[in-house]
Amino acid sequence: MHFAELPDVRAAAAADARCISDDAVALNNGEFAARVRSVAGLLAQRGVRRGDVVATLLPNRVELVLTLFAAWRLGAAVTPINPALTDSEAAYQLEDSATRLVVVDNRPSPAGTADALDVADLWTWEETSLDDDPSVLDADGLALLIYTSGTTGKPKGVMLDHANLTAMCEMALASFEFDGSDHCLLVLPLFHVNGIVVSVLTPLLAGASTTIAGRFSPDRFFADVERCRPTYFSAVPAIYAMLSNLPESVRPDTSSLRFVICGAAPMPAELIERFERRYGVVLVEGYGLSEGTCASTVNPLSGVRKPGTVGLPMPGQTVELVDPDGNRVPAGESGEVVIAGPNVMRGYLNRPGETAKTVVDGWLHTGDVGRFDEDGYLVLVDRVKDMIIRGGENIYPKEIESVLYQHPAVLEVAVVGRPHEVYGEVPVGYVSLREPAGATVEELLEHARAHLSKYKVPVELTLLESLPKNSVGKIDKPTLRSSFATTV
């Protein structure tokens with residue numbers, strides 16, 4: 001079954017059963033299918049055709065999901081954009097993806113790069129006489145363009161087709177034993193593949209339902225759990241850290257939860273134990289990349305869970321460790337994590353060179369270093385790349401460095417990740433100036449704020465007379481990290 005058919009299939013099976021809701025809207029299966037057809041008609045009226053790209057520049061809300069399924073019904077792909085991006089950052093994604101239409105929330109299309117459709121219009125269009133048949137769409141048709149930063153700092157469009165999504169969701173169904181009685185509380189952003197796959201597509205495919213929570217707040221979260229009675233949710237370590245740090249007087253009713261999922265960044269075993277002990281909920285940790293359509297390993301729900309590992313390969317995937325030459329490493333040794341399976345992306349949009357470096361003979365090279373323990377559970381050791389993961393958000397130092405280098409007073413700059421007890425890591429910068437009094441720290445931070453999303457702006461900048469160098473003259477980032485390597 002093509003995902004474009006799913007709304008109709010659910011409506012035919014149980015029209016009155018709940019499907020998807022948020023703080024403002026609740027749709028049953030019949031209503032969801034009818035609205036998807038209506039939105040598809042509106043997109044078609046605005047010129048969207050098979051092979052086009054539709055963007056969403058929206059916070060988490062039902063309309064984003066409606067746009068996904070409506071675009072797929074037309075044979076178009078969707079690229080979700082982080083609504084926190086600046087206009088210049090959003091414009092880059094729109095231009096790179098050649099977006100035909102962007103759905104916005106009371107906001108013009110950034111830099112006029114694509115035709116804009118206000119989200120309110122999705123409810124006013126009632127024409128449903130759309131000449132379409134989603135059953136004839138191809139599984140290899142492009143479904144999602146998920147943008148992820150590269151080591152050069154320029155975001156890359158990860159191309160995921162419908163076969164990728166179907167394979168990933170079927171793997172998740174098997175791993176988490178979902179059925180129609182499940183109910184997901186969605187808290188992760190829908191511009192990430194995790195939010196789309198784990199919290200929307202998989203439960204809807206299982207015949208289950210999803211409630212989209214408002215913006216995450218530890219103060220309201222458990223009230224949502226008690227009100228919505230979900231059976232699971234997926235979150236990142238920063239969220240679990242905040243929930244674990246709530247006052248001891250907070251004792252919510254979590255009896256509806258079968259389990260919860262953690263991904264996006266490694267989670268300390270101590271935090272897993274603390275959360276499970278306090279709230280009486282099983283927490284399963286997994287690992288994956290956007291390039292692998294979300295997840296590749298997971299601690300088993302029914303079986304031995306090993307906190308401190310990211311679990312076993314998911315069904316249908318092969319995970320191995322290789323040396324720099326691509327040879328498998330001996331048992332017990334560390335190597336780069338490589339992944340094969342039907343979930344591996346089609347490639348990076350318009351970047352055949354980078355695709356060829358990342359997917360070699362069908363193996364996705366993750367840039368992460370790991371080892372297998374004696375039972376075959378994957379333990380992540382380090383990252384080959386310098387990526388910083390702040391509360392589940394990927395930040396690449398090169399992008400921040402490029403912005404700071406634009407300031408005329410900057411001579412050299414290096415950005416590294418510093419450990420943080422809640423967010424996992426935060427970016428900090430080290431700068432040497434062309435002249436000792438060329439700029440203040442606040443002036444440099446103001447420059448960064450003007451060009452970067454808030455979560456990318458360094459939490460601290462240190463001015464140095466000169467930056468440390470290694471033997472070949474490159475800036476020595478390990479030396480910079482060593483000053484807080486043991487800080488938690």
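Along the sequence shown, residues are numbered consecutively beginning with 1. Keep in mind it's a predicted model, so treat the numbers as computed, not measured.
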* Short side-chain donor-acceptor distance under 3.5 Å, Ser234 and Asn194 -> yes
* Okay, side chain of Tyr287, backbone of Gly311: is any donor-acceptor separation there less than 3.5 Å? -> no
* Is any side-chain heavy atom of Met314 closer than 4.5 Å to a side-chain heavy atom of Ile339? -> no
* Can you find a heavy atom in the side chain of Phe275 that is under 4.5 Å from one in the side chain of Val260? -> yes
* Between OG on residue Ser88 and CG on residue Leu452, distance to nearest 0.5 Å -> 8.5 Å
* May I ask you to check whether Ser209 and Arg18 show a side-chain donor-acceptor distance below 3.5 Å? => yes
* **Short side-chain to backbone donor-acceptor contact, Tyr92 and Pro155, under 3.5 Å** => yes
* Rounded to the nearest 0.5 Å, how far does CG of Leu205 lie from CE of Met168? -> 12.0 Å
* Asked: How far apart are the closest heavy atoms of Glu89 and His451, and which atoms are they?
  -> OE2-O, 3.7 Å
* To do: Look at the side chain of Asp8 and the backbone N and O of Glu5, then say whether any donor-acceptor pair between them is shorter than 3.5 Å.
  => no
* Asked: salt bridge (charged side-chain N to carboxylate O under 4.0 Å, His left out) between Glu63 and Arg35: does it pass, once the steps are laid out?
  -> CA-CA 10 Å; Glu63 291 89 344; Arg35 183 51 53 182; over 6 Å; no
* To do: Check whether the side chains of Thr211 and His183 place a donor and an acceptor atom closer than 3.5 Å, and report yes or no.
  => yes
* Can you check whether Leu190's main-chain N or O pairs, donor with acceptor, with Asn60's side chain at less than 3.5 Å? -> yes
* Asked: Taking the side chain from Ser217 and the backbone from Asp219, do they hold a donor-acceptor pair closer than 3.5 Å?
  -> yes
* To do: For residues Lys477 and Pro397, report the shortest heavy-atom separation together with the two atoms involved.
  => NZ-CB, 3.8 Å
* To the nearest 0.5 Å, what is the distance between CG (Leu271) and CG (Leu283)? -> 8.0 Å
* **Heavy-atom pair of closest approach, residues Val103 and Val119** => CG1-CA, 4.1 Å
* Does the pair Leu461 and Leu404 meet the rule for a side-chain contact (heavy atoms from CB on, under 4.5 Å), with working shown? -> CA-CA 11 Å; Leu461 282 180; Leu404 290 172; 4.2 Å; yes
* Asked: Should we count CG of Asn106 as having more than 12 external heavy atoms under 6.0 Å?
  -> no
* Asked: Does the pair Leu289 and Ser296 meet the rule for a side-chain contact (heavy atoms from CB on, under 4.5 Å), with working shown?
  -> CA-CA 8 Å; Leu289 293 79; Ser296 291; 5.8 Å; no
* Less than 4.5 Å apart, any side-chain heavy atom of Thr231 and any of Phe178? -> no
* Asked: Under the 6.0 Å and 45° cation-pi test, does Arg390 pair with Tyr423?
  -> yes
* Checking Glu285 side chain against Cys262 main chain: does a donor-acceptor pair fall under 3.5 Å? -> no
* **Whether Asn343 side chain and Gly292 backbone form a donor-acceptor pair below 3.5 Å** => yes
* To do: Give a yes or no on whether a salt bridge exists between Asp96 and Lys156, defined as a side-chain N under 4.0 angstrom from a carboxylate O.
  => no
* Under 4.5 Å between any side-chain heavy atoms of Pro83 and Phe191, yes or no? -> yes
* Asked: Do the side-chain N and O atoms of Asn299 and Arg305 include a donor-acceptor pair separated by under 3.5 angstrom?
  -> no
* Asked: Step by step, would you call Val284 with Tyr232 a side-chain contact (heavy atoms from CB on, under 4.5 Å)?
  -> CA-CA 11 Å; Val284 293; Tyr232 81 99; over 6 Å; no
* To do: May I ask you to check whether Thr79 and Gln93 show a side-chain donor-acceptor distance below 3.5 Å?
  => yes
* State, with a plain yes or no, whether a side-chain heavy atom of Thr148 is found less than 4.5 Å away from one of Glu291. => yes
* Asked: If you round to the nearest 0.5 Å, how far is CG of Leu185 from CZ of Arg227?
  -> 8.0 Å
* Between Pro203 and Val197, which heavy-atom pair has the shortest distance, and what is it? -> CD-O, 4.3 Å
* Asked: What class does the angle between the rings of Trp72 and Phe69 fall in, given that below 30° is parallel, 30 to 60° is tilted and above 60° is perpendicular?
  -> perpendicular
* To do: Please assess Leu117 against Trp125 for the test side-chain contact (heavy atoms from CB on, under 4.5 Å), listing each intermediate value before the final yes or no.
  => CA-CA 12 Å; Leu117 173 65; Trp125 180 267; over 6 Å; no
* Structure fact -> Rounding to 0.5 Å, atoms CZ (Arg251) and CZ (Phe222) come to a distance of 10.5 Å
* Taking the six-membered ring for Trp, are Phe233 and Tyr240 parallel (under 30°), tilted (30 to 60°) or perpendicular (over 60°)? -> parallel
* Asked: With side chains defined as the heavy atoms from C-beta onward, is the minimum distance between Val426 and Ile395 less than 4.5 Å?
  -> no
* Flag, side chain of Glu425 to backbone of Ile389, donor-acceptor distance under 3.5 Å -> yes
* Between CG on residue Leu57 and CD1 on residue Ile81, distance to nearest 0.5 Å -> 5.0 Å
* Any donor and acceptor pair, going by atom type alone, linking the side chain of Tyr377 with main-chain N or O of Val304 inside 3.5 Å? -> yes
* To do: Looking only at non-hydrogen atoms, find the nearest pair between Val344 and Asn164 and report the distance.
  => O-ND2, 3.1 Å
* Asked: Nearest heavy-atom pair of Thr297 and Val310: which atoms, and what distance?
  -> OG1-O, 2.8 Å
* Are any non-hydrogen side-chain atoms of Ser402 and Glu399 less than 4.5 angstrom apart? -> no
* Do side-chain atoms of Ser97 reach the backbone of Leu94 as a donor and acceptor pair under 3.5 angstrom? -> yes
* Within-4.5 Å side-chain heavy-atom neighbours: Ile146 and Pro80 -> yes
